[in-house]
Structures are given as C-alpha cells and as structure tokens.
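A short worksheet on the structure shown next.
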Amino acid sequence: MSAPPGTNEGQSTTRSSLFNEKYYSWWKSRIEDFLTAEDYELWTIVNQGPLTPTKKNVQNETIPKDPSEFVAADFRMMEKNANAKKILICGLGPDEYNGIFACSNAKEIWDALQTAHEGTNQVKRSMI
C-alpha cells in the first residue's frame, strides 16, 4: 500500500483523510484508523450495520421501536449511525458521492466504496 505523494491534506487528528481513488488502500486504512480513534463503536457500525432501537412485543419477540417510542439512549444510538455516515461522506468528492448518495447507512456506503474500488468478494477470489 503506497501513500499519495505530497500528502498534505487530511493529515489531521480532527478530520478524516480525503478520499483518493488512486490510493484507495491507503485511504481505507486511514479512515479505519480515524473511525476507531474517534469512537470504536463507529467502526463496528461501518462493518456490521446500523444500531437500531428495539423493544420486546407481547410475544417476547425483539422488534424495531417506532420513532415515537425513542428515548434519549435511542437517539444517542441513532446519532452513532449518523456520525459514522458523516465521517465517510465528508471526505468524498462529487464523483464518489454520486455513487453512494442513495445509501441509507455507513455500512452501505463502505460496501459500495469497496465494491467500486476492490470488486466483490467473488471478483477478489477469482483473482487469487
């Protein structure tokens, strides 16, 4: 993995690296480091999907809560999803953003970027 020459943007502890298609592996590693340092749970959300407030119904099944039932802890949980998405989006330029704007959560964005720049797992396996 090589870093972009003359890297002088995005070298901050308070903002993530700017997306660089040519150096995707470098950016991918940097954004993972940034997310885990910002809040490790954000990286978990990117990998496993959004946290969803749930409750038990009368049959003792776990179901999603209606937004009208959210309490403060539920809003904090939803904010984690929004923060992970924001960090990924804020480093993208218009071309990359056009490829992910319809994604509803950080995992979908991450998966779309990986597919666009690394291919699918099936493609990667066939290259080995």
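The basis for the numbers below is simple: all heavy atoms, side chains too, and nothing from hydrogens, waters or symmetry mates.
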Closest approach of [X] to [Y] (non-hydrogen atoms, all atoms of both residues):
| X | Y | answer |
| --- | --- | --- |
| Thr52 | Pro64 | CG2-CB, 4.3 Å |
| Lys85 | Cys103 | NZ-O, 3.4 Å |
| Pro50 | Ile45 | CA-CG2, 4.1 Å |
| Leu113 | Glu96 | CD2-OE1, 3.4 Å |
| Thr54 | Lys65 | O-CE, 3.4 Å |
| Leu88 | Trp27 | CD2-CH2, 4.3 Å |

What is the ring orientation for His117 with Tyr24, classed by angle as parallel under 30°, tilted 30 to 60°, or perpendicular over 60°? parallel
List the steps, then state whether side chain to side chain contact (heavy atoms under 4.5 Å, CB included) holds for Glu108 with Asp111. CA-CA 5 Å; Glu108 287 179 8; Asp111 291 348; 5.8 Å; no
Within a strict 4.5 Å, meaning less than it, do heavy atoms of the [X] and [Y] side chains meet?
| X | Y | value |
| --- | --- | --- |
| Asn81 | Asn105 | no |
| Leu35 | Val46 | yes |
| Leu51 | Glu41 | yes |

Check the surroundings of atom CZ in Phe70: do more than 12 heavy atoms from other residues, nucleotides or ligands lie under 6.0 Å from it? yes
Transitive ILVMFWY side-chain link Leu92 to Tyr23, under 4.5 Å: yes
For Thr62 and Lys56, does a side-chain donor sit closer than 3.5 Å to a side-chain acceptor? yes
